[in-house]
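Here the structure comes first, spelled out in structure tokens, and everything after it is commentary.
In listed order, ligands and their atoms are each counted from 1.
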Amino acid sequence: MKRVFNFSAGPSVLPLPVLEKAAAEMCDANGSGQSVMEMSHRSKDYKPVIEKTESLLRELMDIPSNYKVLFLQGGASLQFSMVPLNIACCGSAGGKKAVYIDTGVWADKAAKEAAKFTEVDVRASSKDRSYTYIPDIPPGDEPAACAGDAYYHITLNNTIVGTKWTQLPDTPVPLVSDISSCILSEPLDVSRFGILYAGAQKNLGPAGVTVVIIREDLIGHAPPETPAMLRYDIHAEEGSMYNTPPCYSIYMVGLVLEWLKNLGGIPAITRLNHQKADMFYQYLDNSELFYSPVEKPFRSLMNIPFLATAGDPDKLKELETRFVKEAAAAGFVNLAGHRLVGGMRASIYNAMPVEGVQALIQFMQKFEKGAV
Ligand SMILES: *Cc1c(COP(=O)(O)O)cnc(C)c1O
């Protein structure tokens, strides 16, 4: 068996012990004589699987008891619609505006989707400097200043441009955040938020399941014409089993959470993530060929875009293409930047071992010697 170091932004690398456990249990899970894939979601064999996944997530994230955990489908992208539909739509918000902070491609998509259902106020944006920073936002701690706000949406980690929020906005209205690419990567105070959501395929497991963590008072405000599948109240009442949930993905998330807990939970993974990111940024900041375009205070722990310096644009393009190709041949795959922004990007999620980042840096040092 030959494993590569996979720097994909998602779906992304999974911990090897998780894959091995899944493989060992593939045909006979827990003495049931069946694969988890074959189990009825309402069976006595499956019930402990989803219960374990939820309780591990609650434990690792320290989720308060007045929050529900939902396992849904449709990716983070469906939450772009479900959030406004459920908490700001058609009169339930009394003509209030949904506030969005535009910090990148996903934040912009979320705002545009919400605008189909409710009035949106994009209160700040970092588009002017290609999203390389997190904008200052007008203070919102004066309740009067927020009287017209329904909720406040931020994208905590910006997967494509590689920035992260370092300080949460102070707002009396529910704070909603897309945490797809940073869930469980460092401490997060869940009680500061009304709704948190994350597609699993970055830091939690395989694609197919979306985790939604929602404060109970925000459930039950969807207008009556809202389709059942898009209502938080129905999914919450049915324990994420209004219809067939993504059973196997939920099982895999459970294995990833178990792995994380055994590793030492959030304190341990935070240390490792800082070790990896610090090492990589330090290399970029000292390199003569590569650099990080992101302003220092806002650099992501998880997604690190980088660019190369080269004379003319044609030469640059050629150099980047050669880098991505040679890296892949050497076992470092998926280093091309997002198709919308170009350049390169290394996503170093929880499951990327420190050795993977060390080996990538060594490869880049060697490449640099040949190129400059
Ligand atoms: C990947 C990603 C998305 C899109 O997720 P899907 O599950 O594909 O819908 C949305 N937001 C962020 C921050 C992401 O990283």
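- For Gln201, the heavy-atom gap to ligand 1 drops under 4.0 angstrom.
- One finds a salt bridge joining Asp285 and Arg299 here, because a Lys/Arg side-chain nitrogen approaches an Asp/Glu carboxylate oxygen to under 4.0 Å.
- If you check each of Tyr197, Phe80, Trp106 against atom 3 (C) of ligand 1, the one with the closest non-hydrogen atom is Trp106.
- Note: an N/O pair closer than 3.5 Å links Ala76 and ligand 1 by distance alone.
- A salt bridge links Glu54 to Arg58: at least one charged side-chain nitrogen sits closer than 4.0 Å to a carboxylate oxygen.
- Between Asp149 and Arg123 there is a salt bridge, with a side-chain nitrogen of the basic residue lying less than 4.0 Å from a carboxylate oxygen of the acidic one.
- Between Val18 and Met252 the shortest side-chain heavy-atom distance falls below 4.5 Å.
- For ligand 1, the atoms lying closer than 4.0 Å to a non-hydrogen atom of Asp178 are 10 (C), 11 (N), 12 (C), 13 (C).
- Of the protein's non-hydrogen atoms, Ser77 OG, 2.6 Å is the one closest to atom 9 (O) of ligand 1.
- Of all the heavy atoms of Lys109, none lies under 4.0 Å from any atom of ligand 1, so neither backbone nor side chain is involved.
- In this structure, Tyr46 has its ring center no closer than 6.0 Å to that of His41.
- Taking the six-membered ring where the residue is Trp, Phe290 and Tyr283 present tilted rings, their angle falling between 30° and 60°.
- Looking at ligand 1, you won't find any N or O of Asn157 less than 3.5 Å from one of its N or O atoms.
- Taking atom 2 (C) of ligand 1 as the reference point, the nearest protein heavy-atom neighbour is Lys202 NZ, 2.5 Å.
- Defined by atom type and a distance below 3.5 Å, a donor-acceptor pair is missing between the side-chain atoms of Asp178 and Thr155.
- Taking distance alone, with nitrogen or oxygen atoms compared against 3.5 Å, Thr155 stays at or beyond that limit from ligand 1.
- Of all the atoms in ligand 1, the ones that sit under 4.0 Å from a non-hydrogen atom of Thr159 are 12 (C), 13 (C), 14 (C), 15 (O).
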